[in-house]
Amino acid sequence: MMALSKKACLLLLQSFTLLSVCSITAASIEFNFPAVFNFGDSNSDTGNLIASGIESLNPPNGQSYFSVPSGRYCDGRLIIDFLMDAMDLPFLNAYMDSVGAPVFQKGCNFAAAGSTILPASANSVSPFSFRVQVNQFIRFKARVLQLAAEEGKEFEQYIPSEDYFTRGLYMMDIGQNDLAGAFYSKSFDQIIASIPTILAEFESGLKILYDQGARNFWIHNTSPLGCIAQNIAKFGTDHSKLDQLGCVSNFNQAAMLLNLQLHALVTKLRGQNNDANITYVDVFSIKYNLIANYSRFGFEQPLMACCGYGGPPLNYDGRISCGQRKIINGVSITVKACSDSTEHVNWDGIHYTEAANEFISSQILSGRYSDPPFADKMPFLLKLKF
Ligand SMILES: *[C@@H]1O[C@H](CO)[C@@H](O)[C@H](O)[C@H]1NC(C)=O
Ligand SMILES: *[C@@H]1O[C@H](CO)[C@@H](O)[C@H](O)[C@H]1NC(C)=O
């Protein structure tokens with residue numbers, strides 16, 4: 001069950017105005033879904049890119065929860081892990097993980113780090129664009145139905161039942177890399193002009209899933225990518241490009257413009273398909289609020305990477321990543337973690353720490369950042385337990 005860590009709760013309790021936040025998150029929320037099918041990028045990749053062999057992760061990745069690297073770009077759990085926990089479902093296995101007879105009974109994760117909505121290009125980190133992930137889902141579903149028909153009950157404990165494909169929750173967190181990647185080769189105006197194309201591709205993937213039987217959608221909007229050390233280091237050297245929090249303004253503006261159009265798309269789809277539930281979750285506002293008001297939420301560093309190289313203010317160097325060993329300027333460097341990752345919002349200069357993910361998840365589960373908000377007509381039972 002989802003609950004804030006004791007540390008976060010105590011810190012919240014010190015601030016009277018946030019008392020209600022704490023009591024909401026301390027309660028458990030039960031979602032009524034038998035399975036989850038997830039699509040996205042590193043925000044929710046539980047092992048696909050690593051299983052595909054395109055990249056590898058070294059310790060200290062995973063150290064805060066799994067003790068070893070777990071295929072996640074994080075010191076511990078991701079938002080999706082906390083949400084699965086809140087739904088009383090096991091962590092999602094990655095579609096591409098082939099060793100150890102992975103169990104997909106309660107769903108499957110198609111998200112892969114570095115993925116974009118638009119088809120991958122020669123410069124893409126991940127070839128697993130949204131459409132490829134949707135194709136993987138189609139293959140997954142067909143194979144599940146075939147196994148169930150041919151082998152009967154033998155595979156029951158490893159694969160979802162047929163009705164889970166309709167009753168399950170389809171979660172999405174993708175689009176951030178479409179924008180971030182574009183800044184390397186396009187002007188701001190060109191990037192803004194490309195947003196409708198990005199969202200048309202997203203819409204066509206959603207429609208395929210709907211035609212495959214998906215009826216419950218849960219869509220995270222795009223994060224404030226201008227607040228990520230990697231982008232600040234590369235695009236924020238001219239301080240006039242930074243906002244009052246030290247984030248690259250035009251990156252966040254692009255994210256907000258994408259989110260406005262994404263929200264409009266969700267509203268349109270809801271009107272067209274009244275037999276589907278589509279929830280839009282404003283993760284941007286949760287993350288931006290965390291970065292702006294970090295000390296109130298129990299953090300000490302809003303932007304500086306915990307596991308990075310180079311020291312303050314960002315502790316980030318694009319030449320070497322968390323856990324890597326390399327010779328830089330004639331010196332052998334191994335990138336280690338800071339002494340307490342729970343003080344940092346950012347883990348490796350690109351991704352959030354487990355502590356930040358836990359806070360963000362608690363805010364998502366408060367229901368206040370969703371359209372429609374939970375208490376309304378969503379398929380959730382809100383149970384307050386103290
Ligand atoms: C920071 O907290 C204050 C007080 O609750 C709030 O008014 C403000 O909107 C927050 N900042 C952001 C960026 O959300
Ligand atoms: C959508 O949510 C409503 C309200 O919780 C629920 O009754 C309905 O079954 C859901 N629709 C689908 C298609 O699952």
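Only heavy atoms go into these numbers, but all of them, side chains included; no hydrogens, no water, no symmetry mates. Every number for a ligand or one of its atoms is a count from 1 in the order of the listing.
With 3.5 Å as the limit, one finds no donor-acceptor pair spanning the side chains of Asp173 and Ser44. Between the side chains of Asp41 and Ser115, no donor-acceptor pair of N or O atoms lies under 3.5 Å.
Considering backbone and side-chain N/O atoms, Arg296 comes within less than 3.5 Å of an N/O atom of ligand 1. The shortest N/O to N/O separation between Ser285 and ligand 1 does not fall below 3.5 Å.
Ion pairing of Lys326 with Asp317 is absent here, as no side-chain N (NZ or NE/NH1/NH2) approaches a carboxylate O to less than 4.0 Å. Between Asp45 and Arg72 no salt bridge is recorded (no basic side-chain N to carboxylate O distance below 4.0 Å).
In this structure, atom 14 (O) of ligand 1 has a protein heavy-atom contact shorter than 4.0 Å. Within a 4.0 Å radius of atom 7 (O) of ligand 1, the protein contributes no heavy atom.
Of the heavy atoms in Asn293, only side-chain atoms (C-beta onward) come closer than 4.0 Å to ligand 1.
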Pair Phe37, Phe110 - check ring-ring contact (aromatic ring centres under 6.0 Å, His included), show working. CA-CA 7 Å; Phe37 304 98; Phe110 301 91; 7.2 Å; no
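Taking every non-hydrogen atom of Asn289 and a distance limit under 4.0 Å, the qualifying atoms of ligand 1 come out as 1 (C), 10 (C), 11 (N), 12 (C), 14 (O).
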